[in-house]
Protein chains: 2
Amino acid sequence: MTAASIRARVRAEMTEEIKATARRHLAADGANLSLRAVARELGMVSSAIYRYFASRDELLTALIVDAYNALGEAAERAEAAVDRADLLGRWLTACRAVRGWALEHPHEYALIYGSPVPGYAAPADTVPPASRVPVLITGILHDGFQAGRLAADQGEPVPEPLRPDLAALSEEVGVEVPPTLLARGMTAWLQLFGAVSFEVFGQLNNVIGERESFFEYQMRSAARVVGLEG
Amino acid sequence: MTAASIRARVRAEMTEEIKATARRHLAADGANLSLRAVARELGMVSSAIYRYFASRDELLTALIVDAYNALGEAAERAEAAVDRADLLGRWLTACRAVRGWALEHPHEYALIYGSPVPGYAAPADTVPPASRVPVLITGILHDGFQAGRLAADQGEPVPEPLRPDLAALSEEVGVEVPPTLLARGMTAWLQLFGAVSFEVFGQLNNVIGERESFFEYQMRSAARVVGLEG
DNA sequence: ACAAAGTCAAGAGCAGTGCTCTCAAAACGT
DNA sequence: ACGTTTTGAGAGCACTGCTCTTGACTTTGT
């Protein structure tokens, strides 16, 4: 049994090493990285990789799950260090963590928030890692609402047809937030990933030089829409 | 000279035909479409394509420019049909046109607003087509400001370091808009493309069913931040 | 202790890719 | 009509993802 564990452990290490190498190659070739190149760098032959990943897509899926988790954890850790009562601080800190991680790992960010890979369909096990950031944001909304510091109704009225979607969403996450507040939360969510994506994908090149100020302004503006006071 | 025109015209038609075929292949293979497959479908050999495009990247550039122009034109045409005094209507109409085009041409949209193609660097001639939508939005801001219906200062205060960027931007576009208003315009811009990207790239799957209501709500909310009254 | 079962890396091979080069046949300007 | 330019075809290079087979090694059941 201990012997089997050894083999299992070696296998796990090898798997991790392949992923690490692939992650490095991601920077050069994006989503269409070369399995053969990864194998070559690891001093093995391409067919050997298929012992660990059934296909290139499966390798990609592993990288995607890892990326979602890394991003989620970065946001969670940063946000957890902020005083629970400081709602605006929690929001801004989470935003900065997302942006920071994205700028540090632009190619992994592109993998999860960029254009979908052509033939690739994300399997179900990417969903929980993917929802870590949304869940985090929803938690801030929840706390603010419970404390009576976030109004349910405010700003643009929420269209009737949209409310069931929002109610189902709040239920799915397991956090109770009124649909009207959740709708504003999604505005902030769009604003966050819109800003990060534009910066990472180069849409801000030759447009905005002061990236930090710009991001800070946009996230504070989003917070204002939600109703988070400074 | 007329003879030369014939050859030139045939060449132009051939170029257009290659692009059209490539556009079709874009749907299946995304940014890494196959030159050979395109050639095969056109009944020619792969090397013949190099008479029209020096490389795959150059073909991609042509597709990118076309996509930016198509999107820009769709937005401009729709917006132009709205009463000039109806600022909110102009904004919402432009937004709907952008979303509509993106949903009709998801793969072309991914090409211009998705993750940047790995080895590819966008040449300078993509800039003017790319700025058609931003210019359009800026025009609405300008008209509203001139008419005294859009306040310069409102909402979140704009950080000092950001102002030169915004001033330069307004100058570059050739449309006079106060930096504070332009900052809110960029909020709306982020909101627009954040919403469209999330929908086209599948981030809203199993999250929002009522896409139209959701989009409408988000764009009205963005308009409110800018200061566009209904 | 030893054979059976399982696991692994390697190599050959298939069909495909972007791209370059050469060569013959058109189309063109004069 | 003649020399130039443009065009398509074909062969070829180095590369890709992936499959299948082979031989060596390790783990397991008895």
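All of these numbers come straight from a predicted model, not from anything done at the bench. Quick note on labels: first sequence line is chain A, next is B, and so on, each numbered from 1.
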Salt bridge (charged side-chain N to carboxylate O under 4.0 Å, His left out) pairs touching residues 13-38 of chain B, sequence neighbours excluded, are B/Arg9-B/Glu13, B/Glu16-B/Lys19, B/Lys19-B/Asp66, B/Arg23-B/Asp66, B/Arg24-B/Glu41

Rounded to the Å, how far apart are A/Tyr50 OH and C/dG13 C1'? 14 Å

Side chain proximity check, B/Asn205 to A/Val127, heavy atoms < 4.5 angstrom: no

Sequence neighbours left out, what passes side chain to side chain contact (heavy atoms under 4.5 Å, CB included) with A/Glu212? Give chain and number order. A/Arg99

Whether the A/Ser170 and A/Glu176 side chains hold a donor-acceptor pair (N or O, under 3.5 Å, no angle test) is what I'd like checked. no

Which nucleotide wins on minimum distance to the side chain of B/Met14, given the candidates D/dG17, D/dG8, C/dC19? D/dG8

Quick one, which residues of residues 29-46 of chain B touch DNA chain D with a heavy atom under 4.0 Å? B/Arg36, B/Gly43, B/Met44, B/Val45

Do you see a donor-acceptor pair shorter than 3.5 Å between the side chains of A/Ser221 and A/Gln191? no

Whole angstrom is fine here: how far is it from NE2 in B/His25 over to C1' in C/dG16? 14 Å

Rounding to 0.5 Å, atoms OG1 (B/Thr21) and CG (B/Leu42) come to a distance of 4.0 Å

Partners passing salt bridge (Lys or Arg N to Asp or Glu O under 4.0 Å) against B/Arg220 (at least two apart in sequence or in another chain): A/Glu156, B/Glu216

Under 3.5 Å, side-chain donor or acceptor atoms of residues 106-113 of chain A against the rest of the protein: list the pairs with distances, not counting sequence neighbours.
unit_1: A/His107; atom_1: NE2; unit_2: A/Ala27; atom_2: O; d: 3.3
unit_1: A/Tyr109; atom_1: OH; unit_2: A/Ser197; atom_2: OG; d: 2.8

Just the rounded figure in Å: distance from C1' of C/dA9 to CZ of A/Phe53. 16 Å

Which sits closer to the 5' end of DNA chain D, A/Arg56 or B/Ile49, going by the nucleotide each is nearest to? B/Ile49

Filtered N/O pairs between nucleotides 3-7 of chain D and protein, under 3.5 Å:
unit_1: D/dT7; atom_1: OP1; unit_2: B/Arg11; atom_2: NH1; d: 3.0
unit_1: D/dT7; atom_1: OP2; unit_2: B/Arg11; atom_2: NH1; d: 2.7

Tell me whether the side-chain N or O atoms of B/Ser47 pair up with the base of D/dG10 as donor and acceptor below 3.5 Å, since no angle test is needed here. yes

